[in-house]
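Take a look at the structure below.
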There are 2 protein chains.
Amino acid sequence: MGTRSTRPPQPTLEMVAADAGVSRATVSRVVNGSPKVRPEVVESVNAAIDRLNYVPNRAARSLASHQTQSVALVVPEDMTKFFGDPYFAAVVQGITNRLDESDYTLNLLVASSDPRHKTMRYLRSGNVDGALVISHHTGDDFVANLESTMPVVFGGRPTNHSGENNYFVDVDNIAGAISGVQHLIDLGRRRIGTITGPVDMPAGIDRLTGFHQALSQAGLEVAAIEHGDFTAAGAAAATRRLLANTPDIDALFVASDLMAVGTMGVLAEQGRMVPGDIAVVSFDDSPAATSGPISLTTVSQPSKEMGFTMADLLLRLLADDESVPHHNIMPTRLILRDSA
Amino acid sequence: MGTRSTRPPQPTLEMVAADAGVSRATVSRVVNGSPKVRPEVVESVNAAIDRLNYVPNRAARSLASHQTQSVALVVPEDMTKFFGDPYFAAVVQGITNRLDESDYTLNLLVASSDPRHKTMRYLRSGNVDGALVISHHTGDDFVANLESTMPVVFGGRPTNHSGENNYFVDVDNIAGAISGVQHLIDLGRRRIGTITGPVDMPAGIDRLTGFHQALSQAGLEVAAIEHGDFTAAGAAAATRRLLANTPDIDALFVASDLMAVGTMGVLAEQGRMVPGDIAVVSFDDSPAATSGPISLTTVSQPSKEMGFTMADLLLRLLADDESVPHHNIMPTRLILRDSA
DNA sequence: GTGATTGATGAGAGCGCTCTCACGCCCGGC
DNA sequence: GCCGGGCGTGAGAGCGCTCTCATCAATCAC
């Protein structure tokens with residue numbers, strides 16, 4: 001036990017009860033805000049709590065009540081990707097905003113490369129009452145069987161076909177992409193290419209689908225497609241390939257702001273003027289959209305609200321709310337700036 | 001209890017024991033890898049565990065053993081700042097790398113704005129065995145009394161004077177800054193300014209100190225100082241102020257890569273060539289250093305190793321290792337690229 | 001005044017695990 | 001053959017809390 005044993009022992013419910021001259025049960029009631037305790041008793045118990053600096057032991061509480069009052073945020077994603085993308089920051093922010101209103105705390109699990117096994121064990125050991133999952137690649141079914149254990153809300157439509165009855169919050173990526181590409185078309189651009197997101201992620205797939213739909217509706221051909229990976233570096237490489245293969249494009253739809261940053265760098269490097277030579281529309285409306293020299297016209301998705309909604313749904317699920325909607329699709333909005 | 005109650009109950013130690021035809025104690029021994037169990041018994045218990053798909057209940061284990069097998073990463077920082085900075089990504093990566101080798105799991109607490117109170121409660125409720133704290137502002141003493149409750153390792157020298165006997169891992173920011181500024185001087189630059197980090201953070205203070213020391217050693221005057229906040233946007237604003245007040249500088253020492261990104265943007269916007277007109281050296285050597293059009297000459301700090309070391313120290317502390325050094329200062333290295 | 005009712009409190013049985021201790025077995029020594 | 005010792009195992013007492021149920025006093029109706 002070591003270091004722990006040399007530290008002053010935490011006061012227990014029992015000690016507070018003794019100090020206040022009441023029973024354990026009464027202290028428990030006070031701690032949990034039960035209405036059926038006489039005000040003067042509440043007061044004396046609270047005084048004892050302050051006096052002893054008492055904090056309830058979570059393990060004991062959790063063991064007895066079968067609840068942990070905490071939820072997990074599972075990110076089956078590479079650590080650097082997770083941290084690098086402001087989109088995640090916004091989502092997490094939204095989540096914590098909602099959670100801060102409740103008594104639940106967040107457990108962040110970046111379950112990237114290594115031992116997903118370990119992550120699953122952690123989740124299944126009853127550490128959390130429910131889980132939030134974002135950035136769900138196709139094939140990441142390791143999260144799937146989680147749903148049999150606890151309520152789960154996905155951020156972004158999950159790709160496993162396993163069930164229509166899972167809960168998720170997503171933005172309308174297809175409609176968003178269409179609005180972005182349509183803007184390019186309205187601008188008179190005709191040789192429109194795209195840097196896609198990963199095609200094993202719904203967000204990547206849907207945005208590409210929207211790109212195709214917008215073009216075919218306008219009777220235009222796809223000028224060029226290169227696949228990116230939602231990172232700036234990956235997009236830079238993709239842009240180089242695209243420019244090498246199809247030098248004559250006049251517009252680019254890039255599937256995320258962060259990727260657009262990489263794209264803009266390559267464009268500048270190769271002397272292409274934006275939006276003069278090539279108009280650029282991206283997706284997300286994250287801080288990255290306005291951090292560069294040319295501010296990006298981008299399809300805004302309500303990331304923070306998404307996070308908030310995810311947390312809200314989960315909390316309602318945990319409270320046995322029967323009316324929680326399974327699918328929540330949030331709208332996007334085109335933000336006009338300098339790049340297109 | 002709600003949703004939980006409708007889900008299949010988790011198997012318990014007791015059930016495994018019954019299934020395997022042994023006692024609870026024996027199953028416990030097997031689960032915890034005790035050597036004093038007959039191999040054939042181990043095998044039959046493991047078979048039972050697999051059969052029932054048993055996972056130990058953490059609350060119960062924690063309650064009985066007074067250990068949680070998890071540690072907290074406390075970040076008294078704004079969420080967006082935390083996610084935006086690749087430095088943190090690297091540190092967290094290092095931490096998880098070390099933790100993955102152990103049985104401990106990480107609990108991330110971004111204890112920014114709101115209820116630090118809530119964070120403290122969480123920590124003090126016995127949720128974790130120890131804590132890692134990074135980005136510790138001056139005045140953030142809310143973490144200070146944590147140390148009386150559990151082992152704590154700081155990333156970056158803590159500013160509270162409260163004790164010399166706390167544990168921390170830091171880089172030699174002063175020496176690093178000196179090496180960066182010295183490089184500028186060696187390049188023949190004489191009008192050298194700086195964009196500092198927050199002066200309420202040791203990292204900000206120390207890098208500024210190094211800046212001063214290098215200049216005074218060379219007998220040079222400080223051309224200009226503007227304060228940044230370790231964000232790209234803040235640095236951009238600071239750079240504008242600096243350029244407005246002191247247009248004739250020929251070199252800039254920027255206290256972080258991320259800030260340098262903001263600075264480079266403003267420099268480009270105002271037509272200053274880098275490194276021709278103004279040479280730039282920054283600090284961190286994060287991915288941000290090479291993401292822009294001009295790669296940054298930067299003082300490399302071993303962020304990932306810092307994280308790894310922090311976790312390692314904490315784990316040793318938890319294992320009652322008496323020989324854990326209190327202060328761990330890691331060296332920096334100047335990386336020469338295009339900006340200076 | 002009696003019995004029924006309400007409301008605050010306490011007693012006590014777990015929650016699922018760990019850990020100490022005692023027990024029974026088999027071995028070797030004399 | 002007896003005893004001491006080791007080793008593997010089981011019994012059982014908690015860990016700090018929640019929650020049901022019983023208790024007891026005060027209130028009310030008649």
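Below, chains carry the letters A, B, ... as their sequence lines are ordered, and counting in each starts from 1. Side-chain atoms are counted along with the backbone in the values below, which use heavy atoms only and exclude waters and symmetry mates. Computed from a prediction, not measured in an experiment: that's the story for all the values here.
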Self-check item: Given B:Asn127, B:Thr105, B:Asp129, the one that forms side-chain hydrogen bond (donor to acceptor under 3.5 Å, both in side chains) with B:Thr68
Solution: B:Asp129
Quiz prompt | Atom-to-atom span, NZ of A:Lys36 to P of D:dA25 - whole angstrom | solution = 19 Å
Quiz item: A:Asp19 has an atom CG; how far is it from atom P of D:dG16, in whole Å?
Solution: 17 Å
Practice problem: May I ask you to evaluate whether B:Arg38 reaches the phosphate of D:dT9, defined as a side-chain N or O under 4.0 Å from OP1 or OP2? | Solution: yes
Exercise. Quick one: label B:Val31 by what it contacts on the DNA or RNA (base, sugar-phosphate, nothing), any heavy atom closer than 4.0 Å.
Key: nothing
Quiz item: What string of B, S and - do you get for nucleotides 10-15 of chain D, 5' to 3', when a contact is any protein heavy atom under 4.0 Å?
Solution: BBBBBB
Practice problem: Please report the shortest heavy-atom distance between B:Pro151 and B:Leu318, naming the atom on each side. | Solution: CG-CD2, 3.8 Å
Exercise. Using a cut-off of strictly less than 4.0 Å between a heavy atom of the residue and any atom of DNA chain D, enumerate the qualifying residues of residues 46-55 of chain B by number.
Key: none
Quiz item: Taking side chain as C-beta onward, heavy atoms only, is B:Leu73 less than 4.5 Å from B:Ile134?
Solution: yes
Exercise. May I ask you to test the B:Asn57-B:Gln10 pair for a side-chain heavy-atom distance under 4.5 Å?
Key: no
Quiz item: Heavy-atom count around A:Asp50 CG within 6.0 Å, excluding the residue itself: above 12?
Solution: yes
Practice problem: Starting from P on D:dT20, measure out to CG on A:Asn32 and report it in whole angstrom. | Solution: 13 Å
Exercise. Identify, with sequence neighbours excluded, every residue that meets salt bridge (charged side-chain N to carboxylate O under 4.0 Å, His left out) alongside A:Arg98.
Key: A:Glu101, A:Asp312
Quiz prompt | Donor-acceptor pair between A:Arg58 and A:Gln69 side chains, under 3.5 angstrom | solution = no
Practice problem: Could you point out which residue of B:Val324, B:Val153, B:Thr309 forms a side-chain contact (heavy atoms from CB on, under 4.5 Å) with B:Leu314? | Solution: B:Val153
Quiz item: Taking CZ from A:Arg58 and C1' from D:dT18, how many angstroms apart are they, rounded to a whole number?
Solution: 15 Å
